[in-house]
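Let me begin by presenting the structure, written as structure tokens, before commenting on it.
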2 protein chains.
Amino acid sequence: MTEGWKATDNRKISESTIHRLSHYYRTLSVLEREDYETISSRELARREKLTPAQVRKDLSFFGSFGTRGLGYPVKDLRAKIANILGIDRAWNVALIGVGNIGSAMVSYKEFVKQGFAIKLLFDNDQRKIGSNHKGIIVHDMRDLEKELKAKKIDIVMIAVPATVAQNIVDDVVRCGIRAILNFAPVKLKVADNVFYRSENMAMELEYLSFALVNLANRSGGKKLDKDSTNS
Amino acid sequence: MTEGWKATDNRKISESTIHRLSHYYRTLSVLEREDYETISSRELARREKLTPAQVRKDLSFFGSFGTRGLGYPVKDLRAKIANILGIDRAWNVALIGVGNIGSAMVSYKEFVKQGFAIKLLFDNDQRKIGSNHKGIIVHDMRDLEKELKAKKIDIVMIAVPATVAQNIVDDVVRCGIRAILNFAPVKLKVADNVFYRSENMAMELEYLSFALVNLANRSGGKKLDKDSTNS
DNA sequence: CCTTTCTTGTGAAAGGTTTCACAACACTGG
DNA sequence: CCAGTGTTGTGAAACCTTTCACAAGAAAGG
Ligand SMILES: NC(=O)c1ccc[n+]([C@@H]2O[C@H](COP(=O)([O-])OP(=O)(O)OC[C@H]3O[C@@H](n4cnc5c(N)ncnc54)[C@H](O)[C@@H]3O)[C@@H](O)[C@H]2O)c1
Ligand SMILES: NC(=O)c1ccc[n+]([C@@H]2O[C@H](COP(=O)([O-])OP(=O)(O)OC[C@H]3O[C@@H](n4cnc5c(N)ncnc54)[C@H](O)[C@@H]3O)[C@@H](O)[C@H]2O)c1
């Protein structure tokens, strides 16, 4: 039980658990900077607005990292979670579609700090191809395969109009990419061995709209929180 | 059973159900444009990669909109879902923080089409205050309360640096706002009667990272899909 | 009008996630 | 070394969501 998590393990880890690990990671980073040595599941839960049992259960899927009577060692646990999430290394990211959203992403310095470095840009607009964004040249879509492979890209972000998103995804998957972050408000069809996630702002706004119409002025109305305990 | 959903109903609707309604809505919009009269739960499920039972169950929480043997009337169902989600009306949105992400949002024309019109911009950078983005003037944060009330803002988007996000949220809530869409990668503390959702790209990237490290090259690897059946 | 075919709406079963509750253990102070 | 306190790790219970399975109803065709 002490040797922890193996990638080959067959246990099924829920999406919610992984998302909570991301949060734990951020909180632990703060605690580490504030020179905390250990933290209890109770205190961690308080900061995350979860139950202590939830915290312990989440961590227990991957090993036993705490000390009874004491809590978890902040530094080690942070490192362990980084390892579980695979963010203890650098990932090479490419971005396709250097428009409004795409430009914002390129200018965002936090990604690099978190180990996700945008190494390649693509567009099909002749006016944009060859131009320089924060030191990165925008490539022609025709060079997609060659460049993705040359730069050993792991993750592709897609910020093109919704109408062409599926085509681009198909191209990217054909080039061997297994992980995609999509910003177009469409549901993508991909093979079973390709992972993708979508950021869909319209959907979140619709959720807020639903909440305002249906859940507002309830007695002790409930918090809706994508960040919180419920997935 | 035929009079359908009431906002005063006490049944608990899950987040997943609401997200799926958003998807159904989009698919139904497409079907309506393609002049479909009716659609069965089976066909809708096929397009959404869900089970027919899931579709029927989701809809059944709000009433019974179908005809046995025939399916659901596309036009009516779309209208009904719009009503449930509260997107059959216009919402007034304000955006705080006109930086990289904020500017991208202002330039995004789809939001207006979907009933979410950005009516107000705020920043605390003197160089930005007074400037004009797509016809909207950037206001000083000091005018927050006055302007939010004058423009009858329903939803506030927060695109400021993570360090100040909580302060801004507190201000906004104090002005009476009940719905917030947050882009800063922090967990916000808000009262129980305030709804908020976060777009957290770092978290989605971390999920992809986890998938690449832990789930890749599994036998018949599983698709991770925020859009799909699991919330 | 009756039979066949189709599809909804929904209780009940199955499956998944969170919370509970407590044994096991670690540290502290006497 | 022992009693007392605190906290983990984890089966089991409680809770929540999805899937199953079928009765009920609608249309079509003879
Ligand atoms: N801007 C926002 O705030 C926002 C919000 C939510 C969702 N989105 C979504 O993000 C996506 C991008 O939005 P945007 O506002 O940045 O749009 P945009 O039009 O500013 O940018 C799209 C970019 O993609 C490029 N492009 C178009 N077709 C291409 C192709 N076949 N191959 C390569 N590049 C191509 C265009 O040249 C352009 O540079 C859209 O799907 C949009 O729905 C944007
Ligand atoms: N740019 C991205 O791609 C990206 C991606 C993920 C998350 N985010 C998050 O979105 C937020 C904004 O990112 P960005 O890249 O647009 O940053 P930015 O620095 O470009 O923009 C922030 C804006 O907020 C304004 N601001 C700062 N303090 C303020 C205050 N107290 N009141 C009002 N306005 C204030 C600044 O003047 C600036 O215009 C950040 O929290 C960031 O972490 C951005």
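Residue numbering restarts at 1 for every chain, and letters A, B, ... go by the order of the sequence lines. What you see is a predicted model; the values in this text were computed from it and never measured. Below, each value reflects all heavy atoms present in this structure, side chains not excepted, and no hydrogens, waters or symmetry copies.
- Note: CD (A:E48) to C1' (C:dT18) measures 16 Å, nearest angstrom.
- If you check C:dA26, D:dA24, C:dT17 against the side chain of A:K12, the one that comes closest is C:dT17.
- Atom CZ of B:R56 is separated from atom P of C:dG11 by 14 Å (rounded to the nearest Å).
- Comparing B:G66 and A:G69 along DNA chain C, the residue whose closest nucleotide (by nearest heavy atom) sits nearer the 5' end is B:G66.
- The base of C:dT8 is paired with the side chain of B:R68 by a donor and an acceptor separated by under 3.5 Å.
- The cationic group of A:R56 does not satisfy the cation-pi geometry with A:F61, failing either the under 6.0 Å distance to the six-membered ring centre or the 45° limit from the ring axis.
- For B:E48 and A:K187, the salt-bridge test passes: some basic side-chain N is under 4.0 Å from an acidic carboxylate O.
- For B:Q166 and B:D170, the side-chain atoms include at least one donor-acceptor pair closer than 3.5 Å.
- For the pair B:R42 CZ and C:dT5 C1', the computed distance is 12 Å after rounding to whole Å.
- Open room surrounds CD on A:E37; 12 or fewer heavy atoms of other groups in view lie less than 6.0 Å from it.
- Rounded to whole angstrom, the span from the CD atom of B:Q54 across to the C1' atom of C:dT8 amounts to 16 Å.
- Counting non-hydrogen atoms of other residues, nucleotides and ligands closer than 6.0 Å to CZ of B:R89 gives a total above 12.
- Of all nucleotides listed (C:dA12, C:dT8, D:dA21), C:dT8 comes nearest to the side chain of B:S40.
- The phosphate of D:dA26 (OP1 or OP2) has no side-chain N or O of B:Y72 nearer than 4.0 angstrom.
- Residue B:S41 has no polar side-chain atom (N or O) positioned under 4.0 Å from OP1 or OP2 of C:dT7.
- Distance, B:E43 CD to C:dC6 P: 16 Å, rounded to whole Å.
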Output, in order, the C-alpha distance, side-chain angles, deciding distance and verdict of salt bridge (charged side-chain N to carboxylate O under 4.0 Å, His left out) for B:E15 and B:R197.
CA-CA 12 Å; B:E15 175 178 317; B:R197 310 280 307 170; 3.4 Å; yes
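- Of the candidates D:dA27, D:dT10, C:dG9, the closest approach to any side-chain atom of B:T67 belongs to D:dA27.
- Listed nucleotides D:dA26, D:dT8, D:dT17 differ in distance to B:S14; the shortest reach to its side chain belongs to D:dT17.
- Atom CG of B:L70 is separated from atom C1' of C:dT5 by 12 Å (rounded to the nearest Å).
- At whole-Å resolution of the value, CD1 in A:I18 and C1' in C:dG16 are 15 Å apart.
- The side chain of A:R20 sits closest to C:dT18 out of D:dT8, C:dT18, D:dA27.
- End-to-end axis angle of the helix from C:dC1-D:dG30 to C:dG30-D:dC1, from C1' rotation axes over five pairs per end: 0° (rounded to 10 degrees).
- The distance from atom CG of B:L50 to atom C1' of D:dT18 is 11 Å, rounded to the nearest whole Å.
- A cation-pi arrangement is found for A:R47 relative to A:Y36, the charged atom lying closer than 6.0 Å to the ring centre and inside a 45° cone about the ring normal.
- A donor-acceptor contact under 3.5 angstrom links the side chains of B:N92 and B:K119, judged on distance only.
- Between B:T51 and D:dT18 there is no side-chain polar atom (N or O) within less than 4.0 angstrom of OP1 or OP2.
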